[in-house]
There are 2 protein chains.
Amino acid sequence: MDSLEIEPSLNFCQACAVRNRAICADLDEDELGLLNAIGRRKRLQAGEQLLWEGDDAIIVANVVEGVLKLSTQTADGREQILGMVYPSDFLGRPFGETTPYGVEAITDAQVCVFRRTDFDRFAREHPRLEHKLLERTLAELDRTRRWMVLLGRMNAEQKLATYLVETAERLIPANCKESELGDERSLTLPLSRQQMADVLGLTIETVSRHMTKLKNDGLIGLPGRRELTINSLKALAERGG
Amino acid sequence: MDSLEIEPSLNFCQACAVRNRAICADLDEDELGLLNAIGRRKRLQAGEQLLWEGDDAIIVANVVEGVLKLSTQTADGREQILGMVYPSDFLGRPFGETTPYGVEAITDAQVCVFRRTDFDRFAREHPRLEHKLLERTLAELDRTRRWMVLLGRMNAEQKLATYLVETAERLIPANCKESELGDERSLTLPLSRQQMADVLGLTIETVSRHMTKLKNDGLIGLPGRRELTINSLKALAERGG
DNA sequence: CGACGTCATTGATTTCGGTCAAACCGAACG
DNA sequence: CGTTCGGTTTGACCGAAATCAATGACGTCG
């Protein structure tokens, strides 16, 4: 299975944008060289699928750039998005036989891909890497459990408000550091309405209706389909949890 | 904070019921001795709280016996159960500052408790243990993500059928190994109707109604409040996902 | 035994979000 | 410039689950 369209392997690691934030952060130069030897950079276009649900788990990866979604299909064909991954996040299922979810690039993206068997061996031989991976997995589990509360106990408006606040918080610090311009934010939404629905366990119509409602209530502005301004982050957060 | 009512420390590990299934499984005699030295057995009565949401994360534990729930409170006072832990499962938040959920014993239980700082240090020094913990955490993350689909995309009947099947599968092999009596099972439900509602993101009335419906449809029997017989595991599973 | 408290069931009603259908809007293209 | 097309919004209606309320079943303790 070597049909992955992969770029030639230079030593990317040293210049890697996520060198100090990804699981490789604690590795020394030598270890990094070894890791570099088994990994390959791969570019993905928006909409391109990296892993298919149920496939043999042949690869794992670090996200270098862009946003990807993890999702699964329900029996009746609808989709539930299980999580979003951002730069420096790890994805895939090490030490497992099959990939329990599909992975698709939401924006153009760049990932650092490893054959799972190679990665598993490397991880077992390098406890510092495994430790980083453990910390990340524990943090991801916490985040996932918080999302369960959203799915299980919130109504549509609360879900939407919570999602918008969280998106703003994850996206704004990356763009600009004017965090104390006050309570306002403006950003480009990474997800379409349908994708937002799939993240929140709603339908596209319900998402659309409540976006309009939040706008009419003066909490947000919608200058364009993908554009969002938040008039008061605090007020919006209050509509959530 | 040493007011934990703890039993004196004999070397429990060798005789431990979950010795070969918990994260300690890969440790040798010496390591086990060291781990034993920092851990203590603790008995819990049904309903007793082991950890409170938001507390400093001072302890982690292995479940030796019984069932416990992880749960969180919503702003409006309702509860969402984030997960159930069974014998050999690990609980608590290693490498973290605060406990992101409350832990309460559902049945009488026995756990093997460690001060978090002691455990963290031991784990860092024993990669085999950390590896086990990583595998467990990854598996738990997979399970949690599957639960997101239940919460986000299933209707009440599907949720209930899925829950009953999963409970049967987790509980039956422990009790008796007559797994090929065919497709029937009978068991004592670990959760009250209210707790089932909290796991499934429903209300107690909806749970009750759909339990009755599944009974009337001939899929299950309800000889008592906490008693359940499954007439066909396969048929019940079909009502789920 | 009878009274009480807890938990579960059942019924009546409301409400929120889903479904179906139509209109709308902006970008890409001939 | 008009057409087309995908994504989005809006409306009308419906149904599943929540809510409100009453009743029932069971255990326990005086």
Side-chain angles (χ1 to χ4, degrees), chain A residues 46-47 69 74-81 106-107 149-164 188-217 220-228 239-240, chain B residues 46-47 69 74-81 106-107 149-164 188-217 220-228 239-240:
Chain A
K69 68 172 190 190
T74 60
D76 59 342
R78 289 174 306 165
E79 187 175 22
Q80 173 69 50
I81 293 185
I106 291 290
T107 65
V149 178
L150 177 143
L151 291 174
R153 290 297 184 205
M154 288 187 185
N155 63 30
E157 184 174 82
Q158 293 173 318
K159 286 180 178 181
L160 208 41
T162 304
Y163 169 75
L164 293 178
T188 300
L189 293 167
L191 299 187
S192 70
R193 296 287 187 270
Q194 181 61 59
Q195 289 168 333
M196 287 170 62
D198 292 336
V199 174
L200 299 173
L202 297 171
T203 60
I204 184 174
E205 294 96 329
T206 302
V207 169
S208 180
R209 269 186 255 276
H210 285 275
M211 288 290 274
T212 308
K213 180 161 184 297
L214 289 174
K215 185 182 66 176
N216 292 340
D217 291 357
I220 62 173
L222 297 168
R225 298 180 161 201
R226 287 292 184 113
E227 301 310 311
L228 173 74
R239 290 277 177 121
Chain B
K69 69 171 187 189
T74 60
D76 60 341
R78 290 175 306 165
E79 188 174 21
Q80 172 70 49
I81 294 185
I106 291 291
T107 64
V149 178
L150 177 142
L151 291 174
R153 291 299 187 202
M154 288 187 187
N155 64 30
E157 185 174 82
Q158 293 173 317
K159 286 180 177 180
L160 207 42
T162 303
Y163 168 75
L164 294 178
T188 300
L189 292 167
L191 300 187
S192 71
R193 295 288 187 271
Q194 182 60 59
Q195 289 167 333
M196 288 169 62
D198 292 336
V199 173
L200 299 173
L202 297 171
T203 60
I204 184 174
E205 295 96 328
T206 302
V207 170
S208 180
R209 271 185 252 276
H210 284 275
M211 288 290 274
T212 309
K213 179 161 183 295
L214 289 174
K215 186 182 69 177
N216 292 340
D217 291 356
I220 62 172
L222 296 169
R225 295 181 163 202
R226 287 293 184 114
E227 301 310 311
L228 173 74
R239 290 279 177 120

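So that the names make sense, note that chain A is the first sequence line, chain B the second, and so on, each numbered from 1. What you see is a predicted model, and the numbers here were worked out from it, not measured in a lab.
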When rounded to the nearest 0.5 angstrom, what is the spacing between CG in B/L191 and CZ in B/R226?
7.0 Å
From CZ of B/R225 across to P of D/dG24 the rounded distance in Å is 14 Å
Which residues in residues 209-217 of chain A have a heavy atom closer than 4.0 Å to any atom of DNA chain C?
A/R209, A/H210
Calculate, to the nearest 0.5 Å, the distance between atoms NZ and CG belonging to A/K159 and A/L151 respectively.
5.5 Å
Which residues satisfy the side-chain hydrogen bond (donor to acceptor under 3.5 Å, both in side chains) test with B/E79, sequence neighbours excluded?
B/K69, B/S71
For B/K213, enumerate each residue passing the salt bridge (charged side-chain N to carboxylate O under 4.0 Å, His left out) test, keeping only those at least two apart in sequence or located in another chain.
B/E157, B/D217
Rounded to the nearest 0.5 Å, what's the gap from CD1 on B/I106 to CD on B/Q195? Could you check?
4.0 Å
Please round to the nearest 0.5 Å and tell me the distance separating atom OG1 of A/T74 and atom CG of B/L150.
12.0 Å
Touch check for B/G224, heavy atoms < 4.0 angstrom, all strands: base, sugar-phosphate only, or nothing?
nothing
side-chain hydrogen bond (donor to acceptor under 3.5 Å, both in side chains) partners for B/E227, two or more places apart
B/T188
Distance col, row B/L189:CG vs B/L164:CG, nearest 0.5 angstrom, shows 6.5 Å
Show the nearest heavy-atom pair for residues B/G240 and B/T162, with the distance to one decimal.
CA-OG1, 3.4 Å
On DNA chain C, which is the earliest and which the latest nucleotide, 5' to 3', with an atom closer than 4.0 Å to a heavy atom of chain A?
C/dG17 to C/dC25
Tell me which residues in residues 190-199 of chain B lie within less than 4.0 Å of DNA chain D, going by non-hydrogen atoms.
none
What does the inter-axis angle of the helix from C/dC1-D/dG30 to C/dG30-D/dC1 come out as, five pairs per end, nearest 10 degrees?
20°
Got a sec, which residues hit salt bridge (charged side-chain N to carboxylate O under 4.0 Å, His left out) with B/R78, two or more places apart in sequence or on another chain?
B/D76
Which pairs of donor and acceptor atoms, one on a side chain in residues 197-212 of chain B, lie under 3.5 Å apart (sequence neighbours left out)?
from, atom 1, to, atom 2, distance (Å)
B/D198, OD1, A/R153, NH2, 3.0
B/D198, OD1, B/Q194, NE2, 3.2
B/T203, OG1, B/T206, N, 3.4
B/T203, OG1, B/T206, OG1, 3.1
B/T212, OG1, B/S208, O, 2.9

Given D/dA17, is OP1 or OP2 found less than 4.0 Å from the side-chain N or O atoms of B/T203?
no
Could you give the CG-to-P distance, from A/L228 to D/dT8, as a whole number of Å?
14 Å
For residues 150-157 of chain A, which residues have at least one heavy atom under 4.0 Å from DNA chain C?
A/N155, A/A156
DNA chain D nearest-nucleotide lookup for B/E205 and A/L222: closer to the 5′ end is A/L222
Rounding to a whole Å, what distance do you find between B/I204:CD1 and D/dT19:C1'?
13 Å
